[in-house]
Amino acid sequence: MSSTASRSSDRARALERILALEDEQGYENNAVMGGIAAFLDSWGHSLQSSNSTDEERRLLAWLNQELGGYAALNPAQRRLMAHRVLRKLADDQPSSAEQQQSRRVAPQPAPAEQPPQRKATKSRPSATTLDSPATAVSGIGPKLADSLTRLDIHTVRDLLYHLPRRHDAYPHSVVRDALLGQKVTLSVSVGELRVNNTRQRIPIATTLLSDDTGSIRATWFGNRYIARQLEPGQLIRVSGEVSEYKGQVGLQSPAWEPLEQQPIHTGEFVPVYPLTEGLTAGKFRRIMHDMVQTWVVRVHDPLTEQERTDFGLMDLRTALQEAHFASSAEALAAARQRLCVDEFLALQVGLLERRRQRDQQPGRALFIDQARIECYVQNLPFVLTEAQNRAVEAILADMARPHPMRRMLQGDVGSGKTAVAVAAALAAVSAGTQVAIMAPTSILAEQHYATISALLDHDEVRIELLTGSLPETEKQRIRDLTASGQVDLLIGTHALIQESVSFADLGLAIVDEEHRFGVAQRARLMDAELQPHMLQMSATPIPRSLAMTVYGDVDVSVLDELPAGRKPVVTALRDSGARDGIYQFIRKEVECGHQVFVVCPLVEPDEDGSGVAATSEQQRLQRDIFPDLRVGLVHGRLNAADKEAVMASFAATEYDILVATTVIEVGIDIPNATVMLVENAERFGLAQLHQLRGRVGRGTATSYCILMSDDPSETSLRRLEAMVSSNDGFELAELDLELRGPGDFFGVRQSGLPALRVADLSDMRSLEIARQLAAQVYETDPGLRSEEHRLLRREVKRFWARAPKE
Ligand code: ADP
Ligand code: MG
């Protein structure tokens with residue numbers, strides 16, 4: 001089903017063959033040894049340049065560890081090592097050794113044979129529920145339960161919703177049609193079994209598998225049990241890929257099980273679960289199979305039949321069953337959709353509920369002095385864009401209502417959020433209340449202070465700036481003024497304002513670049529009897545579809561129009577070959593009085609030296625390339641004060657070039673910076689690159705962003721090319737969502753919402769169904785009070801219990 005999956009198992013099969021060959025040659029052939037190293041190497045490379053699963057990476061890490069010192073071992077040690085690896089590879093496939101074991105444990109042992117505590121849980125299933133600890137599931141003991149905890153699986157229900165990472169597809173076929181390179185499932189009878197030991201006693205079992213259309217060879221490496229499990233004439237189902245071994249076409253170590261048994265390890269859709277420590281994939285799959293059969297009947301559908309019919313949704317029990325052990329591609333898709341809709345529904349309903357509660361909360365209706373706002377707008381050195389006008393209007397309308405505003409002002413860097421925020425601030429001050437503006441860092445607070453001071457008349461609005469660098473007495477003076485209502489507008493860092501300031505009468509809090517309202521809500525400024533209005537500013541563009549989900553409980557204003565005359569940042573993709581030319585270009589820009597960012601993915605060089613590190617790059621540039629220029633360095637391992645000091649020096653043009661990591665992503669405005677060189681650009685996400693690029697192009701001169709990348713993978717290349725062709729954050733965000741996997745999306749990860757376990761945010765269809773369903777449910781039964789929605793109410797509660805603590 002997934003190419004990653006097939007590559008992983010292809011590689012495992014190939015390694016089996018190499019090791020079998022090594023065994024035959026007595027572990028003395030240096031060519032084979034070198035082959036192993038090269039093989040692991042190329043596997044590693046293929047992982048870097050393409051998507052790979054954790055499972056595959058873990059397997060490869062294990063192999064590297066085991067086989068890393070291989071060449072240095074003597075033949076006897078190598079033999080042990082090879083056997084260990086072969087066992088692991090055989091184990092990782094659903095092998096018959098596991099079946100042997102599970103067959104052994106399958107019959108319920110007599111109660112007397114069970115240890116006492118196990119007897120207690122297992123002999124009284126009625127006492128257990130879906131919320132019982134995972135150990136209530138047959139086959140899961142304390143040790144396994146412990147490693148499951150690391151996957152955030154605690155209860156039976158968690159396990160039921162622990163869906164396969166993917167399903168491997170082995171379509172049903174017949175021997176005649178099983179051609180080289182195909183993945184197939186065959187129903188066959190077993191022929192005579194021959195077990196040969198290689199010279200070093202690795203068992204290689206071979207047999208012929210036959211159906212009406214012909215026979216095919218099957219070989220199992222390193223599995224000493226196979227001969228005892230398979231009997232000539234037995235009817236089995238095998239799944240595997242037809243490949244070549246020593247010139248013969250056949251199946252290498254295929255998964256198999258007796259034909260009369262329900263397909264677990266074989267069949268058209270074999271579930272693949274993330275590996276659990278100390279347990280092979282096959283064993284875990286067996287446990288999951290039994291678990292689903294036993295427990296799914298305990299599940300009750302929170303959706304009514306009518307709701308399911310209206311939206312064409314599968315019932316929950318079938319969905320859970322099919323999501324694990326699918327009977328067809330269609331059933332699997334329908335099952336996944338149902339589970340995704342459930343999760344999105346819980347999310348949506350919870351957001352609607354939050355919103356409903358907020359709408360009932362009393363807030364202060366501010367009198368909006370339209371004339372004064374009009375005057376402010378007229379006096380701006382520019383004309384507001386349509387988008388800015390719309391945002392101002394929406395904000396003022398919110399603040400006039402007797403309920404607290406929760407509005408998000410979203411706009412790309414440079415879209416002019418500040419001018420909008422100041423209009424809101426001025427309105428609140430005119431209504432006789434105080435305003436707080438909070439920024440994540442001191443520099444940003446200072447920049448806000450400078451810009452805003454210039455926009456407002458100091459005689460009318462008393463503005464103060466509170467940052468950590470002020471002397472304590474000065475801080476105290478500002479706190480006192482604020483507490484006694486002699487400050488109208490207080491600008492400062494989140495930390496300082498929230499920790500230490502009380503307001504006489506806070507009407508509006510403006511939060512810049514913090515994620516959601518979490519931080520501010522926790523703050524003391526919320527102690528007030530009437531909740532202040534809140535405006536949040538974010539420069540992280542989020543696709544519309546997602547904004548609806550992630551910010552379903554807040555109102556959103558989008559500045560989707562850049563002020564006229566803004567020059568887009570000229571973006572180019574280059575490789576190392578262009579380095580000299582780029583440095584000449586940088587030098588020229590510096591000679592014109594401009595400044596340059598060089599962004600690196602790493603702080604320190606990593607072990608294999610494959611990425612550019614900020615520390616060494618700064619030294620190299622300063623020493624070898626630009627000895628006559630001033631090259632600064634800033635990265636995330638510096639403490640906050642040092643970081644800010646460097647940024648402040650750069651802003652004061654004490655450096656020409658600043659080598660940095662992504663710490664410069666947010667905020668800082670250095671209009672003089674015209675070039676950004678991004679090293680190893682392929683290592684950055686699209687949203688991140690766009691944020692970085694926003695650090696240049698803030699002045700009047702044309703700015704440049706140079707993305708440096710040697711041999712990016714195909715997806716990386718799409719990202720980088722998108723950067724070259726588009727300057728539109730929202731457009732890039734849509735593409736980012738498309739290119740990236742579930743849950744990974746930048747703005748969502750930081751949104752403070754519960755993590756999605758099943759649903760994938762790029763699944764627009766399920767999202768839309770859930771949105772409609774939520775609206776329908778909520779319209780007829782706000783608060784989900786009816787008996788009909790009792791189960792749904794519980795699901796919603798359960799989902800939201802997973803939200804990160806604010
Ligand atoms: P951001 O949304 O990134 O916070 P700013 O508010 O800092 O953007 O605005 C970026 C620059 O654009 C500022 O120099 C500001 O004065 C200017 N600006 C804002 N709105 C307009 C407009 N409508 N027309 C022209 N320039 C504008
Ligand atoms: Mg800004």
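All ligand and atom numbering here is 1-based and tracks the order in the structure.
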(message) Against V631, only a single residue in V596, I657, V598 fulfils side chain to side chain contact (heavy atoms under 4.5 Å, CB included); can you say which?
(response) I657
(request) Compute whether any side-chain donor of one residue and acceptor of the other, for N389 and E393, lie under 3.5 angstrom apart. (result) no
(request) Heavy-atom distances under 4.0 Å are what count here, so tell me which part of V383 touches ligand 1: side chain, backbone, both or neither. (result) backbone
(message) Using heavy atoms and a 4.0 Å limit, tell me yes or no: is A539 in contact with ligand 1?
(response) no
(request) Below 4.0 angstrom from a heavy atom of D412, which ligand 1 atoms are there? Numbered from 1 as shown, please. (result) 2 (O)
(request) Look at atom CD of E472 and say whether more than 12 heavy atoms of other residues, nucleotides or ligands are closer to it than 6.0 Å. (result) yes
(request) Can you sort out which atoms of ligand 1 are near S415, meaning under 4.0 Å from one of its heavy atoms? (result) 2 (O), 8 (O)
(message) Once you restrict to heavy atoms under 4.0 Å, what part of M537 touches ligand 1? Side chain, backbone, both or neither.
(response) neither
(message) Does atom CZ (R718) have a neighbourhood of more than 12 heavy atoms from anything else shown, all under 6.0 Å?
(response) no
(message) Which of the numbered atoms in ligand 1 are under 4.0 angstrom from any heavy atom belonging to V413?
(response) 3 (O)
Validation: residues 394-405 side-chain donor-acceptor distances under 3.5 Å, sequence neighbours left out:
unit_1	atom_1	unit_2	atom_2	d
D398	OD1	R401	NH1	2.9
D398	OD2	R407	NE	2.7
D398	OD2	R407	NH2	3.3
H403	ND1	D359	O	2.9
H403	ND1	Q361	O	2.7
H403	NE2	D359	O	3.3

(message) Any donor-acceptor pair under 3.5 Å linking the side-chain atoms of R587 with those of Y583?
(response) no
(message) Can you check which of A387, G694, G416 brings a heavy atom nearest to atom 9 (O) of ligand 1?
(response) G416
(message) Within the 3.5 Å criterion, strictly below it, is a donor on N672 or Q595 matched to an acceptor on the partner's side chain?
(response) yes
(request) Check each atom of ligand 1 against the heavy atoms of T385 and keep those under 4.0 Å away; list them by number with element. (result) 23 (N)
(request) Can you figure out which of T418, N389, D512 has its heavy atom closest to atom 4 (O) of ligand 1? (result) T418
